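All remarks here apply to the structure that follows.
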Amino acid sequence: MPRRTLIVLCLTLLVSLACYRRTHQTAYARYFAEVMDSIDRFYVEPVDDQKLFEGAMQGMVGELDPFSGYIGRRDARHFQQVVLDQRFDGVGIEASIDPKTQEPRVSTPLAGSPAYEAGIRAGDRITAIDDRPTAGLGLRRVSELLRGRTGEAVALRVVRGDDKTPLEFLLRRREIKVDTVLGDRRNADDTWNFFLPGHDRIGYLRIASFGERTAEEVAAALEGLQTGGVRGVVLDLRDNPGGLLDSAAETASLFLAAGDLLVTTRGRGGKELERWVVEQTGRYRDLPVVVLVNHDSASAAEIVAAALADHHRAAIVGERTYGKGTVQSVIATEGGRSVLKLTIATYLRPNGKNIHRLDRSQPGDEWGVKPDAGEEVTMSAKDHAAWLERRKARDVIDRRPSAEKDADAALADPQLGRAVERLEQEIDSADGVPPDPKAEPSAVGRSAAVGPRPRWLPCGRGAG
């Protein structure tokens with residue numbers, strides 16, 4: 001067969017395949033348009049086309065897996081700013097809805113924000129925003145009203161405690177940076193102190209999630225601890241739902257050596273997409289580390305825990321992690337006005353094992369990150385809820401004296417207590433101090449026996 005004829009046949013085949021695929025896609029697009037048209041013409045009441053479109057998108061993506069999702073126009077900007085970029089323009093208030101009055105109540109002002117500087121306190125009820133009553137508006141709408149462009153003013157009417165006379169505040173919005181690395185107590189200026197109270201050799205970093213600035217925040221906190229003579233650090237990843245894969249990789253790299261494998265991602269058909277390797281030995285390669293995890297440590301948090309565990313750089317204390325080993329890529333839709341969060345890969349820890357927990361997975365199967373042998377410390381649902389309440393109380397900026405905030409957190413937190421005990425043993429061992437044979441057993445209870453970026457959605461509180 002002449003070469004020219006062969007080329008023509010190949011081109012004809014390629015065009016035919018492209019036309020077939022386009023026809024296949026166009027058919028479903030036509031069916032979708034028919035349904036939209038039928039609703040528009042015959043439904044008993046007029047329906048907003050955008051609402052129908054977003055509902056269809058959410059339903060379609062909802063058929064894929066629990067971690068893929070469609071984020072509509074109303075939430076896309078919040079997702080990008082607060083969740084991924086760790087910033088938004090507003091007044092710096094975390095709020096929740098008062099169940100009795102249905103008004104927003106200040107959970108805490110954010111340190112250094114306009115609300116903080118104006119003297120707004122935790123517990124204040126916001127009864128009006130720009131003279132608009134807030135009762136019944138809901139948290140999402142309240143957050144939208146508190147946010148705005150930098151430099152714009154917003155007026156708040158606030159009721160404090162049992163006072164009858166409301167307080168009036170005029171605040172100017174500015175860019176608010178959301179911290180993801182927190183300590184256990186605050187300094188006099190309400191910034192975080194990353195030394196653990198009662199343990200002057202031990203640092204404590206609670207990473208709430210992995211955003212754009214998390215690795216930078218961790219590095220800054222460690223630098224301050226090193227200046228203060230820290231000998232070991234607890235990385236608390238409990239209840240951390242994940243975040244950006246590259247942020248997790250950068251954080252883990254601070255404690256690893258050049259050439260250490262961090263994580264591998266695999267796409268459709270098991271094809272390797274990316275291999276993340278430490279490029280430069282971390283500044284804290286020799287600093288003793290204990291990582292705290294629990295049943296709600298997921299995704300990027302599991303990447304950090306697994307990398308440090310597999311390279312024998314940290315002891316893992318607490319509970320088995322959630323088992324979320326999939327990677328989501330964020331794809332802009334509608335010209336960037338909405339977002340498609342799509343699962344495109346799974347990831348493997350450095351030892352080659354898959355972290356993801358399938359629907360059919362059993363407790364005896366390999367998934368998640370387990371505590372080291374002898375380091376499993378479980379919490380009942382009741383104890384976990386109490387721990388969350390104590391943690392929230394310590395997060396609140398409140399200038400009133402509180403014995404709870406100055407107390408040794410490790411005494412009320414058995415998982416943290418075991419992490420501290422383990423670190424103290426490592427520090428003493430490095431110093432040549434033999435273990436005390438007369439020491440009483442610990443009172444801690446134990447149980448028997450990146451490339452594509454992951455994204456997550458917050459829930460529970462609003463911020464403005």
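We're numbering straight along the sequence, starting at 1. Nothing here was measured: the structure is a model prediction, and the numbers come from that model.
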Report summary line: Nearest heavy-atom contact between Pro241 and Ala208 is CD-O, 3.3 Å
**Report entry** Pairwise distance OG1(Thr134) to CG(Leu156) - rounded to 0.5 angstrom
**Finding:** 9.5 Å
Report task. Indicate yes or no for a side-chain donor-acceptor contact from Thr251 to the backbone of Ser247 under 3.5 Å, with no hydrogens or angles considered. Result -> yes
Report task. State whether the side chain of Tyr284 and the backbone N or O of Gln226 hold a donor-acceptor pair below 3.5 Å, judged by distance alone. Result -> no
Query - Check ion pair Arg213-Glu216 (N to O, under 4.0 angstrom) - result: no
Query raised in the report: Lys392 and Glu94: salt bridge (charged side-chain N to carboxylate O under 4.0 Å, His left out), yes or no, with the steps?
Result: CA-CA 12 Å; Lys392 288 179 183 177; Glu94 278 192 8; over 6 Å; no
Query raised in the report: Under the side-chain contact (heavy atoms from CB on, under 4.5 Å) criterion, do Glu217 and Asp179 qualify, and how do the steps go?
Result: CA-CA 8 Å; Glu217 291 178 50; Asp179 291 335; 3.8 Å; yes
Query raised in the report: About how many Å separate CZ of Arg320 and OG1 of Thr378, when rounded to the nearest 0.5 Å?
Result: 14.0 Å
Requested in this report: Please step through side-chain contact (heavy atoms from CB on, under 4.5 Å) for the pair Phe194 and Val181, ending with a clear verdict.
Outcome: CA-CA 9 Å; Phe194 293 106; Val181 180; 4.0 Å; yes
Query - Close side-chain approach of Val142 to Ile126, heavy-atom, < 4.5 Å - result: no
Requested in this report: First locate atom OG of Ser299, then atom NE2 of His356, and finally report the distance between them rounded to the nearest 0.5 Å.
Outcome: 10.5 Å
Query raised in the report: Below 4.5 Å, heavy atoms only, C-beta onward: do Arg121 and Val106 meet side chain to side chain?
Result: no
Query raised in the report: Given the rule in the side-chain contact (heavy atoms from CB on, under 4.5 Å) test, do Ile202 and Glu424 qualify, once you have shown the distances and angles that lead to the verdict?
Result: CA-CA 8 Å; Ile202 294 177; Glu424 294 281 10; 3.7 Å; yes
Report summary line: Between Ala298 and Tyr322, the two heavy atoms sitting closest are CB-CB, 3.8 Å
**Report entry** Sidechain-backbone polar pair: Thr108 side chain, Val396 backbone, donor-acceptor under 3.5 Å
**Finding:** no
Query raised in the report: Are Leu205 and Leu225 close enough that some pair of their side-chain heavy atoms sits under 4.5 Å apart?
Result: yes
Query - Atom of Ala306, atom of Ile355 and distance for their closest heavy-atom approach - result: CB-CD1, 4.0 Å
Query raised in the report: Under a 4.0 Å N-O cut-off, is there an ion pair linking Glu375 with Arg422?
Result: yes
Query raised in the report: When you check the side-chain N and O atoms of Thr214 and Thr180, is any donor under 3.5 Å from an acceptor?
Result: yes
Query - Leu146 CG to Leu171 CG distance, which is reported to the nearest 0.5 Å - result: 9.0 Å
Identify all side-chain donor-acceptor contacts of residues 229-236 below 3.5 Å with residues at least two apart in sequence or on another chain.
unit_1: Arg231; atom_1: NH1; unit_2: Asp431; atom_2: OD2; d: 3.3
unit_1: Arg231; atom_1: NH2; unit_2: Asp431; atom_2: OD1; d: 2.8
unit_1: Asp236; atom_1: OD1; unit_2: Arg238; atom_2: N; d: 3.1
unit_1: Asp236; atom_1: OD1; unit_2: Arg238; atom_2: NE; d: 2.9
unit_1: Asp236; atom_1: OD2; unit_2: Tyr204; atom_2: OH; d: 2.6
unit_1: Asp236; atom_1: OD2; unit_2: Arg238; atom_2: NE; d: 3.4
unit_1: Asp236; atom_1: OD2; unit_2: Arg238; atom_2: NH2; d: 2.8

Query raised in the report: Is it true that a side-chain atom of Thr321 and a backbone atom of His295 form a donor plus acceptor pair closer than 3.5 Å?
Result: no
Query - Any donor-acceptor N/O pair, Ser361 side chain to Leu358 backbone, under 3.5 Å - result: yes
Query - Heavy-atom closest contact (Ala252 atom, Leu262 atom, distance) - result: CB-CD2, 3.8 Å
Report task. Have a look at Trp387 and tell me which of Asn294, Asp413, Asp239 forms a side-chain hydrogen bond (donor to acceptor under 3.5 Å, both in side chains) with it. Result -> Asp413
Query raised in the report: Donor-acceptor pair, Thr346 side chain versus Gly325 backbone, under 3.5 Å?
Result: no
Query raised in the report: Ion pair present between Asp428 and Arg201, side-chain N to carboxylate O less than 4.0 angstrom?
Result: yes
Query - Within-4.5 Å side-chain heavy-atom neighbours: Leu244 and Glu212 - result: yes
Query raised in the report: Is it true that the NZ or CZ of Arg186 lies under 6.0 Å from the centre of Trp192's six-membered ring and within 45 degrees of the ring axis?
Result: yes
**Report entry** Residue of the set Lys324, Arg357, Glu302 for which side-chain contact (heavy atoms from CB on, under 4.5 Å) holds with Trp367
**Finding:** Arg357
Query raised in the report: Rounded to the nearest 0.5 Å, how far does CZ of Arg206 lie from CG of Leu292?
Result: 11.5 Å
Query - salt_bridge(Arg394, Asp184) N-O dist < 4.0 Å - result: yes
Query raised in the report: Would you call Asp89-Arg173 a salt bridge at under 4.0 Å N-O?
Result: no
Query raised in the report: How about Asn187 and Thr191: does a side-chain donor come under 3.5 Å of a side-chain acceptor?
Result: yes
Requested in this report: Indicate yes or no: at least one non-hydrogen side-chain atom of Leu342 is less than 4.5 angstrom from one of Leu64.
Outcome: yes
Report task. Take Ile120 and Phe169 through the side-chain contact (heavy atoms from CB on, under 4.5 Å) test and state the conclusion after the steps. Result -> CA-CA 9 Å; Ile120 288 178; Phe169 293 90; 4.0 Å; yes
Query raised in the report: Is it true that a side-chain atom of Asp98 and a backbone atom of Pro104 form a donor plus acceptor pair closer than 3.5 Å?
Result: no
**Report entry** Heavy-atom pair with the smallest gap, counting every atom of Leu237 and Ser297
**Finding:** O-OG, 2.8 Å
Query - Distance, nearest 0.5 Å, that separates OG1 of Thr326 from CZ of Arg266 - result: 15.5 Å
Requested in this report: Look only at the side chain of Arg313 and the backbone of Leu287, and say whether a donor-acceptor pair between them is shorter than 3.5 Å.
Outcome: yes
**Report entry** Arg147 bridged to Glu144 by N-O distance under 4.0 Å
**Finding:** no
**Report entry** N-O pairing of Arg349 and Asp310 below 4.0 Å
**Finding:** yes
Query raised in the report: Do Asp124 and Pro109 come close enough that some side-chain heavy atom pair is under 4.5 Å?
Result: no
Query - Among Val277, Leu308, Leu261, the one residue meeting side-chain contact (heavy atoms from CB on, under 4.5 Å) with Leu256 - result: Leu308
Query - Donor-acceptor pair, side chain of Tyr116 and main chain of Ile93, under 3.5 angstrom - result: no
Report summary line: Residues Ala309 and Ile316: closest non-hydrogen pair is CB-CG1, 3.8 Å
Query raised in the report: Is there a donor-acceptor pair under 3.5 Å between the side chain of Glu366 and the backbone N or O of Asn354?
Result: no
